[in-house]
Amino acid sequence: MTETVRTVDEVVVASEDDTAVEPRTPRSWWRLVVLLIGALVFVFPFYYMIVGSLQKQSNTSLSGVLPQSSNITLHNYGEINAALSLGRALINSGIFTGGVLLATLVFGVLAGYALAQLHFRGRGLLFVMMLLLLMVPFQLLIIPLYVLIVRNYGLGNSYLGMIAPFAINSTAVFIFRQYFLQLPKELFDAARIDGANELRILTRIALPLVRPALLTAMLLTFIGPWNEYLWPFLITKQQSMQPLAVALANYMNTVQSTVSNPFGTILAGAFVLAVPAVVLFLAFQRYFVAPNIGSAVKG
Amino acid sequence: MKLEAELPLSTRESRVTRLARAVLGRQPIGLAFGAPYALFIAVLFAYPLGLAVWVSFHRYFFTAPGVSVARPFVGLANYKAVLSDPAVLRSFLNILIFLVINVPLTVGLSLLLATALNAAIPFRAFFRACFYVPYVTASVAMVAVWLFMFSSGGVVNSVLGPLAPVPSWLVNQNWAMPSIAIYVTWKQLGFFILLYLAALQNVPKELYEAASMDGASWWHRLRSVTIPGVRTVTTLITLLAIIVGANLFTEPYLLTAGGGPNGKSASPVLLMYQTGIEQNHPDFASALGIILVIGVLLIVGVQRLLQRNQT
C-alpha cells in the first residue's frame, strides 16, 4: 500500500484548477478531433433518449435522429407517470439514497477519522475488514443477505431493508481516511493539548479542512443507491415501495402493447431516472475531478 | 506512550486510566467512533459471508414462514453441482469473453482520451463532463436507450444497412456477450479517463522533455514514458474489470433478456438470482457465490503480490 501524501493546500488547489501540464503545441488539433469523436459517442445516447422520449410514434430510422416538429409530444411522460406513479417512485429513490447518504456522512466520517487519526485497539482489524469489503463484490452476498433481511428479519418491502446493505459506503470511508491522513498531525496534537475533545476536533478542525473530499465522497455515494437495481429489485415486490430504477425495469420487462409508443414511454422514464444524477454531477463537477478520485483509489 | 507519560497532565491521571489506555489504545474514543462501521461490517458483511458458507454446505431451501425443516449437512455436494453445471461453466466462459473485450478496449480508449485531454485545449471541462456522464447515470436508464438503438430495426442497424448482424445484436448468439462488454466499456470509460488523467498529471514533465530532446517519436514517448507512468492505473482497471465481470447482473438481465439467447450472455450473478431465488436453490447459489468470492480474492491477492514485487 503506497499512500499518497499530499498537503491540504495542494489538494484544494488541484480540485479547483486541474489545468493542463503539457504546453500547448501547434499539433494539438488531433486532440480536438479525438475528443470530439469521443464526446459524440458518449453524448449521442443521451440526446437520442430525449429525442426518442418526445416522439409520438417511435421512429428508429435515420430520419428519427433529428426531432421532427410533426412528431413531437409530451404524451410519453404522461403515460409513464400513469404506469409507474413517477412521484412515488422518485420519493422511494430519494428515501433510499438519502438514508445511505446520511448514514455514510455520519458514521463514515467518524470511522474514517478514527482510522486516520486515532490510536485505539482494533484499528488494524477494522482497516483490514474495510479493504476486504471493498474487494468482495456486494452482489456475491445477495443470497445470504436475502435470507437474513427478507426471511429472518421480515424487512422485505421496507426502506430499512433497502438501505441496510448500503448504509455505510466503504469507498467513502476510504476517501475520508485518505484525506484525514493528509492533515498534519501537529494540528490535532495542539488541539488535544488545548483540551478539545475528539468530536470537537473532528467537527471544528478536521471536517472544514476536507470539505472538497466530503463532496466528492457524497457524489460517489449518491450514484450507488440512486442507480442500484439488483438489491431493491430483490426486496421490493410491492410497486408502491419500488425505487424508480426498479419500477422502470419492471415496466420494461412487462409492458409494451398497452401504450401507443412503448419505446417512447420507456425512454421518458429513463430520462426522469437519469436527470437527477446528471444534473448533480454537472453542478458539482469541480469536485469530481481527477486528483480527488485519484487519491481515493491509489491507496 | 513514553512522551505522554512525561507530560505533567498524565501524571495526575489515575492508574485505572493508564491501564485503560494500555488496553484500549491512546485514544479509546476511536472505539466509539469506529463502532457503528464495525457493527455494519459485522452484521451486513461478515455474518452474511459466514451464513453463505454455512448454507453452501447444507441442503437449504426457502419454506413458508414458521415451517421448520431439516437442513442436513451435505459436504461438498453443492460445490460439485455448481462446478459440473454446464450453465455455470458457460457463465464463466461469458465472463472471460467479457474481459477479453472489455479490458483492452477500456485501457486503450481511456488512455487515448485522457492523453488528448491532458493539455490546454478549448472546452476541456465540457469534454471531461461528456465522458463521465454515462458513468454516473443509472444502468437501467442507459440500457433502455441501448435497447432502442440496437433493436433489429434500430438506428444502429439503419446506419449499417446490409452489414447489420442477423439476428440483431442483443438476440444474436455470437453478439450478445460482446454487446454487453462494449456497453459496459462505454458506460464506465469516463471514470477510467479521470483516473488516467490523474496519473498522467503525476508523470514528471522532465521525462517528456528529455525524451523529446533525444528525438523520440510519439510512439516511443508513449511506450517508454506514458505507459510505465500510468501502470498502477492500468492494473487497477484490469482488477476492477474482473470485479465488474464477477458482478454483472443488470446488463444481462435487462439488455439481453435474462442472459439470452440460450445462456450465451448469462453471468454468474444472474445464475445466482435465477437458481437461488427464482428456483429456490439458495444452497447451490451460495456455493456459486463463495466460489466467486474466493476467485476474486485470489486474483486481488495475486495482483497485490505482483505489484509489491515490481516496486
Side-chain angles (χ1 to χ4, degrees), chain A residues 20-22 24 28 31-32 34-35 38-39 42-43 45 48-49 52 60-62 107 110-111 113-114 118-121 126 129 133 135-137 139-141 143-145 148 164-165 167-168 198 223 227 229-230 245 248-249 252 263 266-267 270 273-274 277-278 281-282 285 290-291 293-294, chain B residues 24-31 33-34 36-38 40-41 44-45 48-49 51-52 112-113 116 118-121 127 129-131 133-134 136-141 144-145 148 153-155 158 194-195 197-198 201 205 236 243 246-247 249-250 254 269 272 276 282 285-286 289 292-293 300:
Chain A
V21 253
E22 279 183 37
R24 186 201 284 263
S28 68
R31 295 176 191 276
L32 273 177
V34 167
L35 291 173
F42 280 90
V43 171
Y48 202 48
M49 172 168 76
T60 58
S61 72
L62 272 179
F107 301 126
L110 283 173
Y113 179 71
L118 300 177
H119 292 264
F120 59 96
R121 188 150 300 247
L126 191 61
M129 291 305 286
L133 197 62
M135 280 178 256
V136 175
Q139 273 83 341
L140 302 183
L141 293 177
I143 301 293
L145 281 171
L148 280 176
I168 306 177
E198 292 298 337
I223 52 175
N227 297 343
Y229 173 60
L230 175 56
L248 180 65
M252 280 161 66
F263 259 129
I266 290 170
L267 291 176
L273 176 61
V278 172
F281 270 76
L282 293 182
Q285 64 165 305
I293 320 267
Chain B
L24 300 174
R26 228 184 308 157
Q27 285 120 4
I29 186 84
L31 281 170
F33 281 19
Y37 185 52
F40 170 77
I41 292 178
L44 291 151
F45 176 67
L49 193 59
L51 183 64
L112 175 73
L113 288 167
N118 191 26
I121 38 144
F127 285 126
C130 287
F131 297 153
V133 156
V136 305
T137 310
S139 206
V140 171
V145 188
F148 187 44
V155 70
S158 307
L194 286 181
L195 291 189
L197 199 54
Q201 291 178 347
K205 241 189 296 180
L236 186 75
I243 293 179
N247 247 324
F249 175 80
T250 310
L254 295 174
V269 174
M272 280 173 67
S286 291
L292 287 166
V293 169
V300 173

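Chain A is the first sequence line, chain B the second, and so forth, proteins listed ahead of strands; every chain is numbered from 1.
- Ranked by heavy-atom pairs under 4.5 Å with chain A, the list B/G153, B/G276, B/P282 is led by B/G153.
- Ranked by heavy-atom pairs shorter than 4.5 Å toward chain B, the options A/V34, A/L35, A/L273 are led by A/L35.
- Looking only at side-chain heavy atoms (C-beta outward), A/L230 and B/V269 come within less than 4.5 Å of each other.
- Heavy-atom pairs under 4.5 Å with chain A were tallied for B/L112, B/V133, B/V293, B/I243; the largest tally goes to B/V133.
- Using a 4.5 Å cut-off between heavy atoms, B/F127 touches chain A through its side chain atoms alone.
- At a 4.5 Å heavy-atom cutoff, the contact between A/I223 and chain B is made by side-chain atoms alone.
- Of the listed residues (A/L62, A/L145, A/L248, A/L148), the greatest number of heavy-atom pairs within a distance under 4.5 Å of chain B belongs to A/L148.
- Ring geometry for A/F263 versus B/F148: interplanar angle of 30 to 60°, hence tilted.
- Only the side chain of B/F40 has a heavy atom closer than 4.5 Å to any heavy atom of chain A.
- Remark: B/L31 engages A/F120, B/L24 in a side-chain contact (heavy atoms from CB on, under 4.5 Å) (not counting sequence neighbours).
- The contact between B/F45 and chain A is made by backbone and side chain atoms together, counting heavy-atom distances below 4.5 Å.
- Pairing each heavy atom of A/N227 with each of A/A245, the nearest pair is O-CB, 4.5 Å.
- Most heavy-atom pairs under 4.5 Å with chain B, from the set A/L133, A/L282, A/L32, A/L126: that is A/L133.
- Note on A/F107, A/F281, A/Y113: by heavy-atom pairs under 4.5 Å with chain B, the leading option is A/F281.
- Partners of B/A52 by side-chain contact (heavy atoms from CB on, under 4.5 Å), not counting sequence neighbours, listed by chain and number: A/P144, B/I290.
- Within the 4.5 angstrom heavy-atom criterion, only side-chain atoms of A/L267, from C-beta onward, approach chain B.
- Among B/A144, B/P48, B/S158, the residue with the largest count of heavy-atom pairs under 4.5 Å with chain A is B/P48.
- With chain A as partner, the option from B/L292, B/V300, B/V136 having the largest number of non-hydrogen pairs under 4.5 angstrom is B/V136.
- Between A/V43 and B/F131, the closest side-chain pair of non-hydrogen atoms is not below 4.5 Å.
- Of all heavy-atom pairs spanning B/A116 and B/I121, the tightest one is O-CD1, 4.0 Å.
- Summarising the geometry of A/L140 relative to B/A246, their closest heavy-atom pair is CD2-O, 3.8 Å, with the distance given to 0.1 Å.
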